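Step one of this worksheet: look at the structure below.
Model, not experiment: these values are computed from the prediction. For this chain, numbers begin at 1 and follow the sequence in order. Ligands are counted one by one from 1 in listed order, and the atoms in each one are counted from 1 as well.
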Amino acid sequence: MNDHEVGDQHAASEFDANAKTLWHGRFEGGPAAELMAFTESLSFDIRLWPDDIDGSTAHVRGLLHAGLISVHECDAILHALAQVVSEIQSGSFEFAASDEDIHTAVERRVTEIAGSAGGKLHTGRSRNDQSATDVRLWIKRELREVAQRIVALQMVLLQRAGEVEGVYLPGYTHMQRAQPVLLAHHLLAHGWALGRDIDRINDALTRVDVSPLGAGALAGSSLPLDPQFTADQLGFAAVFENSLDAVGSRDHVAEVLFALTLVAINLSRIGEEWVLWTSEEFGFAKLDDGYATGSSMLPQKKNPDIAELARGKAGRIIGDLTGFLATMKGLPLSYNRDYQEDKEPLFDAMDQVRLGLGAITGMIATSTFVPERMQAAADSESGSATDLAEWLVLQGVPFREAHAIVGSLVREALAGESTLRDLVAQHPRLGPEAAALVAPGVSVTRRTTPGGAGPIPVAAQLVRFAEALRRWSSQGGSTA
Ligand code: ARG
């Protein structure tokens, strides 16, 4: 049974007003059905169960370390936690109607299994530090996977760039043809942007990698807890400095959402280009059947749905970020139940970015490029206008003047009397040597600036990108 099925099972279960809450001592009556329906989080925080088990395991060891429970009690609780794991994994875990979140469910079951020892599990701990700990552990795990998938996409971009030596296409500004660029250069431009996404993820992870366990509800505890001990048990790089801040901040969640949103935006931009490139109008690339869809009505259609949804889903992921920022705004210290709202946007953004990376990677890996179409588009005569102006500059003509000379020739050529090449050949300041620059395929070879779009700098760039990729891949999602 997967996480979602477990959640569905809970949602479908009958509500039992007599079931015991964690706070039943203070209350005469049980919770109203409407309260449970509106405030429960089990239906989505169920997926934190492995992290909840890890957090509880560390906490129980911490209680033993602090002398608050006996070895026997510690063993009984750890044994019960192990049983909870196998019950959840096998699908036999039975959720109770009173399980408002995963923390409640695990603690209830541990107490059922371990008896009075189980009742000590929550000693010195609140669900506030517990859920904050779980989410941090979950982010560390999941972001690593996202970073690895970014690296996989970068590898495909590098591989495809290596395959298309010499192929060029128009480079665009304002979506108007500007200057020819090598296809490898265009593909690697996305690769570098994705590298910054990995850097941002790793940077955000340094702030995620701080244990809040031991902060309790908000102020720590009178019990001799050792937050450093549990942080070490859980593999956190650091421990909280301030208990109010530990349970009362979620800026790390917002940062992760921002990093994910930028990944989504980068995928969206690639998607938009693929939509254009695979259109009949551009015809720069063809989709593999496995990464395209057909139309239910129009027999001839082959649609770039992955590319479109990469674009479309970026909108909702931006919504995940902005919605959560609005949730955080104005919350006084420390924990407020509003913070329960960190999970759904975080889970959604992480899931969609992870899935989008896989789909876009497959789409790019299997697309067929159409060099003839790309090059025909890039070989329009006016693509070499800047080269002509720069040729004049090398003859000592001030650039502004050179720009005006070539601009007026382009205007004349567009009027249709004569080709640009002929006009250049006949022009007293230009002539046949300059006219040779207007020939197909010449312009891109003249882009020699380091980091530029021509064959010489792109060959160097391929080496530098491969080196950088080794670094991103070794750091991919690591919290070091
Ligand atoms: N489900 C809650 C959350 O995600 C757990 C913490 C609840 N704490 C509380 N005091 N009610 O934030």
Output block, N or O contacts of ligand 1, threshold 3.5 Å exclusive:
unit_1	atom_1	unit_2	atom_2	d
ligand 1	1 (N)	S41	OG	3.1
ligand 1	1 (N)	D101	OD2	3.1
ligand 1	1 (N)	Q340	OE1	2.9
ligand 1	4 (O)	K343	NZ	2.5
ligand 1	8 (N)	N128	OD1	3.0
ligand 1	10 (N)	N128	OD1	3.3
ligand 1	11 (N)	R127	NH2	3.4
ligand 1	12 (O)	Y335	OH	2.4

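Classification of the W192-W472 ring pair by plane angle, with boundaries at 30° and 60°, yields perpendicular.
Looking at D45 and K343, no side-chain N of the basic residue comes within less than 4.0 Å of a carboxylate O on the acidic one, giving no salt bridge.
Side-chain contact between M350 and E145: absent, with no pair of heavy atoms (C-beta onward) separated by less than 4.5 Å.
What you find for T293 and D305 is that their closest heavy atoms are OG1-OD1, 2.7 Å.
Just one of D203, D209, V210 meets the side chain to side chain contact (heavy atoms under 4.5 Å, CB included) condition when paired with R207; it is D203.
For the pair R47 and F347, the cation-pi test (distance below 6.0 Å, angle within 45°) is passed.
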